[in-house]
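Comments concern the structure below.
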Amino acid sequence: MTPQRLCILGSTGSIGTSTLDVVARHPQRYEVFALTAHGRIDALAAQCVRLAPRHAVVADDAGGEKLRAALRAHGVGTEVHVGARALCEVAAHPEVDSVMAAIVGAAGLAPCLAAARAGKRLLLANKEALVVGGALFMSAVRAGGATLLPIDSEHSAIFQCLPEDRRRWAETIDHIVLTASGGPFRQRDPASLDGVTPDEACAHPNWVMGRKISVDSATMMNKALEVVEARWLFDLAPEQIRVVIHPQSIVHSMVVCRDRSVLAQLGTPDMRVPIAVGLAHPERIECGADALDFTRLGALTFEAPDPQRFPALFLAWDALRGPEGSTAVLNASNEESVAAFLAGTIRFTDIHRINASVVEHVQPQLPLQPTLDDLLALDARARIEARRRARECAR
Ligand code: NAD
Ligand code: MG
C-alpha cells in the first residue's frame with residue numbers, strides 16, 4: 001500500500017493532535033509530509049522530532065528560528081518555512097495527497113483555497129473558512145477537482161447518511177437536523193451569564209476542544225457557523241437546515257429524506273471518529289474511540305433551542321438570507337469578540353451584543369464574484385468595527 005501523504009494545517013491544536021493520534025495507528029496508510037502551527041513552537045518541534053515531516057510552517061521568523069534550533073539539536077532534517085504564503089504552498093504541494101484543514105478562524109481560508117485549487121482530498125475542520133469563503137471556496141473545489149470531506153462531527157454525520165453519489169443528494173434530502181449539545185450554559189439562568197469566566201465558558205460538558213470553538217459552543221455561535229457550513233457542503237436552502245438541542249451528544253445529526261425516513265449517525269463524542277471517516281473514506285479504520293454501549297446509554301433527549309438563551313444561533317439564517325458576505329461579517333465580528341472575551345476585556349454577554357451590532361451596521365457590498373482579497377478586505381472591515389465595540393464595552 002502506498003501511504004497517503006498528509007499535510008496537517010494546525011497540527012498542534014485539538015483537531016491536529018487528534019488527527020496525529022489516528023494517523024499513528026496506521027503507519028502503513030499515512031505519511032506525515034507537512035505540519036503547521038501558529039504558536040506553541042515546542043509542541044510543533046516535538047511533533048517534528050517524532051514524525052520527521054518533510055516541511056513545517058510557522059507564523060513568524062522568531063518561531064522559525066526557535067523551531068530550526070530545536071530540530072538541529074535533534075538532528076531532524078525538516079525544512080522550516082515562515083508565513084501565510086508558505087501555508088498555501090505546503091497545502092498545494094504536488095507531493096501532498098490529503099490536507100487536514102484544522103486551523104482555527106478565517107486565517108485558514110487561503111490555504112484551504114490553495115488545497116482546493118490543487119485538487120487535494122480536503123478534510124475540512126476549519127468551518128470558518130467556508131463561512132467566510134462560501135461560494136468562492138466551493139467553486140475552487142469544483143475547478144480543482146478536489147474532494148471535500150467534512151470533519152465537523154455534525155457534517156460528517158450528514159455526509160455518512162447521504163448516498164455515495166453526490167448527484168443524488170438533492171433528490172434525497174428534504175431537510176437536515178443538526179444536533180447541538182447546548183454547551184455549558186444550557187440550563188443556567190440567562191441573567192447570570194454576565195459574570196461567567198473564560199474557563200467556565202470553555203468547560204464543555206461533552207467535548208474537549210480549542211478555546212475559541214468552546215466559547216462558540218457556549219454561545220451557540222458554533223451551531224450558527226455550522227448552519228452556514230451545511231448550506232455550502234450540502235448545497236441546501238436556509239430553510240432546509242434545522243437545529244435541535246441534544247444534550248448527550250450521541251446522535252451527531254440527521255437527514256430527513258423526501259419520503260420522511262430519518263437517517264442518523266451515532267457514536268461516542270470523540271473527534272477521532274469523524275477524523276477517521278475523513279482520512280479513510282470510503283474505507284473504515286480503527287481510530288481509538290470507545291464503542292457506544294447502548295445498555296448504559298440511558299435517555300437520549302431533544303429540545304428546541306430557546307431564542308432568548310441562544311440568540312447567536314438565529315443570526316445564521318439572517319446572514320444566509322442577507323447579501324453575500326453577511327456570513328463573513330458575522331464570522332469576523334465573532335472571532336474578534338470571542339478573542340476579547342478570552343482576553344478578559346469584555347463580558348460573555350457582550351459577545352452577542354457586539355456581533356449583532358456589527359452585522360446590523362457593516363454592509364458587505366461585495367462585487368458579483370468576490371475574490372479572496374475582496375473577502376479579506378470585508379473581513380478586516382468587520383473586525384475594525386467589532387474591536388471598536390469591544391473597546392467601548394471594556395470601558
Ligand atoms: P485549536 O485552537 O486547538 O487549534 C488551532 C490550530 O490552528 C493550532 O495548531 C494553531 O497553532 C493554528 N492556528 C491558530 N491561528 C492560526 C493562524 N492565524 N494561522 C495559522 N495557524 C493558526 O482549535 P481546534 O479546536 O483544533 O479547532 C480547529 C478548527 O476545527 C476550528 O475551525 C474549529 O471550529 C474546528 N472544529 C474543531 C472541533 C474540536 O473538537 N476541536 C470540532 C469541530 C470543528
Ligand atoms: Mg461540530
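Note that ligands are numbered from 1 as they come in the structure, with each ligand's atoms numbered from 1 the same way. Side chains are part of it too, since the values below use all heavy atoms of this structure and drop only hydrogens, waters and symmetry mates.
Proximity of A107 to ligand 1, defined as any heavy-atom pair under 4.0 Å, is confined to the side chain (atoms from C-beta onward). In M271, the part holding a heavy atom less than 4.0 Å from any atom of ligand 1 is the side chain.
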Are D42 and K66 close enough, and set up right, to give a salt bridge (charged side-chain N to carboxylate O under 4.0 Å, His left out), and what steps lead you there?
CA-CA 8 Å; D42 297 341; K66 190 172 167 192; 3.3 Å; yes

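Summary of contacts: the protein heavy atom closest to atom 35 (C) of ligand 1 is A125 O, 3.0 Å. Given atom 9 (O) of ligand 1, the protein heavy atom at minimum distance is T12 OG1, 2.8 Å. Looking only at heavy atoms of the protein, atom 43 (C) of ligand 1 is closest to D152 OD1, 3.0 Å. What sits closest to atom 26 (O) of ligand 1 on the protein, heavy atoms only, is I15 N, 2.9 Å. Ranking the protein heavy atoms by distance from atom 25 (O) of ligand 1 puts G210 N, 2.9 Å first. The protein atom (non-hydrogen) at minimum distance from atom 4 (O) of ligand 1 is G13 CA, 3.1 Å.
For W232 (side chain) and V131 (main-chain N/O), no donor-acceptor pair under 3.5 Å exists by modelled atom type. Under a 3.5 Å cut-off, the side chain of T219 and the backbone N or O of M221 do form a donor-acceptor pair. With H93 contributing its side chain and E95 its backbone, the two residues share a donor-acceptor pair below 3.5 Å. Within the 3.5 Å criterion, the main-chain N or O of A70 finds a donor-acceptor partner in the side chain of H74. Q363 places no side-chain N or O within donor-acceptor distance of the main-chain N or O of P323, the cut-off being under 3.5 Å. Proximity of a side-chain donor or acceptor of R168 to a complementary backbone N or O of P163 within less than 3.5 Å is not detected. At least one donor-acceptor pair closer than 3.5 Å links the side chain of S18 to the backbone N or O of S14. With hydrogens and angles ignored, the 3.5 Å screen pairs no side-chain donor or acceptor of S337 with any backbone N or O of I354.
Checked against a 3.5 angstrom limit, the closest N/O atoms of G10 and ligand 1 fall inside it. Between E128 and ligand 1, at least one pair of N/O atoms sits closer than 3.5 Å. Remark: ligand 1 and L87 share no N or O pair separated by less than 3.5 Å (distance only, no angle test). Annotation: N222 places no N or O atom under 3.5 Å from an N or O atom of ligand 1; distance criterion only. Taking distance alone, with nitrogen or oxygen atoms compared against 3.5 Å, S14 approaches ligand 1 more closely than that limit.
Counting non-hydrogen atoms of neighbouring residues, nucleotides and ligands closer than 6.0 angstrom, the CZ atom of R321 exceeds 12 such neighbours. Counting non-hydrogen atoms of neighbouring residues, nucleotides and ligands closer than 6.0 angstrom, the CD atom of Q369 reaches no more than 12 such neighbours. Around CZ of R25, the count of heavy atoms belonging to other residues, nucleotides or ligands within 6.0 Å exceeds 12.
Across G39, A110, A102, heavy-atom proximity to atom 6 (C) of ligand 1 is greatest for A102. Within the set V57, I213, V131, I103, the minimum heavy-atom distance to atom 29 (C) of ligand 1 is found for I103. Within the set K127, H38, E335, the minimum heavy-atom distance to atom 22 (C) of ligand 1 is found for H38.
Contact analysis leaves A59 out of contact with ligand 1, as no non-hydrogen atom separation drops below 4.0 angstrom. Within the structure, the closest approach of K212 to ligand 1 does not fall below 4.0 Å when heavy atoms are considered.
Per-residue contacts place N126 under 4.0 angstrom from the following atoms of ligand 1 (heavy atoms of the residue considered): 32 (O). Short contacts between ligand 1 and S11, defined as distances under 4.0 Å to a heavy atom of the residue, involve ligand atoms 9 (O).
Between K223 and E154 there is a salt bridge, since at least one side-chain N of the basic residue sits less than 4.0 Å from a carboxylate O of the acidic one.
Listed by chain and number, D152 OD1, E154 OE1, E226 OE2 are the protein N/O/S atoms closer than 2.8 Å to the Mg ion (ligand 2), with waters left out.
Using a 4.5 Å heavy-atom cutoff, the side chains of R121 and H281 are in contact.
Donor-acceptor pairing under 3.5 Å is recorded for the side chains of H155 and E229. Side-chain N/O atoms of Q248 and T301 include a donor and acceptor closer than 3.5 Å.
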